[in-house]
Amino acid sequence: MRNSSSHHHQPRLNMLSPFSSHLATNYSASELEKAQIQQLLKGPIEDNQRIDCEIEELRQQLEALVHKREENDHFIEPHLALLAPIRGLPNEILCAIFSHCLPTPARFLEDPFDSQEYMSAAQAPMLLTFICQRWRQIALDLPELWQRAPITVSRSLHSPTDLDLGVQNASQLTQLWLSRARNRPVAISISWELYPTARTQFDKFLASITRYSSQWEELRINSLLDRGLLDGILSLPSSSVPNLRNLEVPFEALWGSYDKKCLLGGPSIRGFRYKGTIYDHFAKLPLQWSQLTDLHLGSLNTTDTNIRKIFARCPQLERCHISISTVEIFESYPLPRLRLSYLVLLHLRMHPSHSGRTLDPPIGFFASLHLPSLKDLTINIRNLSDFPPAVVVGESLATLRRLTVFTDHSSTATDAMLETLALTTRLESLELYYLPHLISTVTYSPLSDTTFLAALTPRQEENPSASRNASSGCEPQHARFMERSNYPSYLCPNLQDIKLQIAAHPGIANEVIFDFIKGRRERSTTLRSFSLQYARPVGDGEREMQGVNDLGVNVDIKYQGRGVM
């Protein structure tokens with residue numbers, strides 16, 4: 001409003017001025033007119049001087065008020081802090097909160113290393129030591145916060161050419177970190193990003209970690225550029241790592257000569273992860289094979305015969321990731337079958353050693369195994385129709401709780417999956433993905449995806465309480481296909497979670513998805529989530545869904561480039 005008043009005030013002054021017709025022109029005033037103008041301006045100039053004085057007085061008052069407010073804030077804030085509810089929390093509660101502030105730890109078999117940011121000052125637990133004196137003391141007195149140490153040895157940001165400084169910084173931080181864990185078990189991962197250095201440079205770092213070797217519970221070594229450091233670690237006597245349970249080594253470990261008295265022969269090692277591809281030297285590693293329960297050989301290029309030999313050396317195996325690049329067992333293997341009584345999780349990746357080569361299905365290999373306890377199966381195979389999961393696990397289908405399949409996109413894959421699901425009566429989680437490098441070359445089948453989901457929808461004649469396909473107003477799609485098949489009317493009655501990744505266009509109609517959810521919820525309340533990801537951009541008339549609740553089921557529908565399930 002003030003600006004508006006000034007805007008209207010100026011024309012009014014011009015109208016009262018005897019010189020208004022000459023304003024904003026090139027008119028040159030006479031001497032008499034100049035005297036008149038000076039007399040005319042005397043009043044407004046004096047008025048402005050009075051206004052300036054008032055403004056200065058108000059500015060000083062404002063500054064005084066701002067200063068007074070700041071003084072009050074400095075007085076109020078620390079007193080209000082005394083009233084903060086968190087001040088009243090006992091240390092035990094704060095300890096529990098601090099523990100939940102930690103980054104999610106990497107799982108030994110499933111995940112890569114912990115994030116390098118884990119040991120950053122911008123992340124818990126280090127961040128917690130900078131808040132206040134009480135929090136710092138609590139964090140320092142809580143060894144559980146310091147039990148994971150993902151160590152990265154790299155060039156110093158302040159002096160990139162000074163390799164000694166990079167090693168020195170890593171050594172000091174590691175020693176400080178592990179000392180705060182006190183006598184608790186520790187999980188260490190090491191990434192050495194410096195090129196081979198002088199022995200004196202890594203001796204100090206080696207000493208900073210080996211002094212705590214008796215506390216090592218997990219040790220993961222990334223591919224090291226410095227072979228001397230790797231030898232220094234793996235040459236440690238097995239007696240120095242009495243509590244080491246999980247060990248990951250890079251392929252460079254095969255270049256050394258070690259025996260069971262070294263670290264690889266640790267008495268408590270139960271989990272082993274190998275990041276190499278060569279089998280011959282790997283099989284000679286002096287591990288305590290008979291006591292292994294967890295084994296990750298996902299990158300190993302070898303035959304099904306060699307994998308079976310490894311299994312025979314690991315009777316206590318519970319969880320395993322394997323890769324088969326060559327199939328040698330084509331006939332039924334001589335009895336008795338190899339029994340893996342404790343194996344509950346198996347991830348199989350069929351990976352030809354030569355690109356473009358087609359692998360034969362390892363049916364003979366699996367026929368030679370007896371897996372009575374298998375609950376979690378993941379299969380990564382191109383041609384699922386030649387190698388359906390039902391053939392893989394045989395009698396173990398009855399014990400499966402979780403099934404994940406990576407395959408190509410074809411109607412025969414759908415048939416293979418339906419054959420499998422007809423026998424997995426206890427299945428609770430199902431995930432089906434189509435291999436990304438195949439999506440651009442496959443021939444899409446309009447039958448496969450819709451039929452697959454329709455087959456998991458209870459048949460309406462078996463569900464009298466439901467009207468005949470009420471949501472879509474017509475007979476369910478591909479009902480005739482299901483009728484000519486011998487599948488049960490209600491597949492996977494215990495299914496809780498389902499995730500699908502498909503490439504078909506136009507995709508699965510929302511009505512089919514709704515029929516699936518509605519049909520299963522009317523039979524039971526076990527279904528909790530349905531996730532669908534299209535390996536293509538969103539099309540016309542399509543939209544994403546995230547966290548939509550449909551009859552108590554959480555529904556997510558995503559498209560390529562919008563996140564991964």
Side-chain angles (χ1 to χ4, degrees), residues 403 405 409 411 413-422 424-425 427-434 444-536 538-559 565:
L403 177 62
V405 177
H409 188 156
S411 58
T414 298
D415 294 340
M417 283 302 303
L418 295 180
E419 176 185 347
T420 299
L421 297 180
T424 52
T425 57
L427 197 67
E428 298 174 356
S429 175
L430 175 63
E431 299 183 25
L432 179 59
Y433 303 91
Y434 296 109
Y444 298 141
S445 168
L447 180 67
S448 57
D449 299 319
T450 303
T451 297
F452 179 74
L453 199 58
L456 289 175
T457 304
R459 301 183 192 175
Q460 293 183 355
E461 59 268 22
E462 300 292 334
N463 188 6
S465 63
S467 60
R468 188 169 181 80
N469 201 31
S471 63
S472 56
C474 61
E475 183 180 2
Q477 295 191 43
H478 310 295
R480 288 176 294 179
F481 174 85
M482 298 304 301
E483 289 172 359
R484 72 170 184 263
S485 306
N486 294 321
Y487 303 125
S489 61
Y490 188 28
L491 296 177
C492 307
N494 297 304
L495 190 63
Q496 299 178 12
D497 306 287
I498 180 170
K499 295 182 180 180
L500 303 175
Q501 182 193 59
I502 65 176
H505 189 83
I508 303 177
N510 289 340
E511 291 79 4
V512 175
I513 297 174
F514 178 77
D515 284 341
F516 164 77
I517 294 174
K518 182 173 181 290
R520 298 196 72 90
R521 293 293 288 187
E522 286 177 345
R523 291 292 292 265
S524 72
T525 58
T526 56
L527 188 65
R528 300 179 306 187
S529 68
F530 174 86
S531 297
L532 174 62
Q533 180 177 347
Y534 289 100
R536 59 172 177 79
V538 62
D540 294 337
E542 297 176 329
R543 64 185 181 90
E544 291 192 336
M545 297 184 186
Q546 187 170 358
V548 176
N549 187 296
D550 185 2
L551 301 178
V553 177
N554 187 76
V555 179
D556 287 313
I557 300 179
K558 301 178 181 179
Y559 292 81
M565 290 188 297

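Start at 1 with the first residue, then count along the sequence.
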Partner residues of [X] under the side-chain hydrogen bond (donor to acceptor under 3.5 Å, both in side chains) criterion, sequence neighbours left out:
X      : answer
Thr526 : Ser524
Glu431 : Arg402, Tyr433
Asp550 : none

For the student: nearest non-hydrogen atoms of Cys492 and Leu456, plus distance: SG-CD2, 4.4 Å
[atom1] of [X] to [atom2] of [Y]: how many Å apart, nearest 0.5 Å?
X      : Y      : atom1 : atom2 : value
Gln501 : Lys558 : CD    : NZ    : 12.0 Å
Ser531 : Ile557 : OG    : CD1   : 9.5 Å
Ile517 : Asp515 : CD1   : CG    : 10.0 Å

Aromatic plane relationship, Phe516 with Phe530 - under 30° parallel, 30 to 60° tilted, over 60° perpendicular: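 Geometry flag for Phe516 against Phe530: tilted rings.
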Criterion side-chain contact (heavy atoms from CB on, under 4.5 Å) against Leu430, the qualifying member of Leu491, Thr424, Leu421: Leu421
side-chain contact (heavy atoms from CB on, under 4.5 Å) partner of Leu532, the single match among Leu453, Ile513, Ile498, Asp556: Ile513
Residues in side-chain contact (heavy atoms from CB on, under 4.5 Å) contact with Thr425, at least two apart in sequence or another chain: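 So Thr425 forms no side-chain contact (heavy atoms from CB on, under 4.5 Å) with any residue.
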By salt bridge (charged side-chain N to carboxylate O under 4.0 Å, His left out) - contacts of Arg521 (at least two apart): none
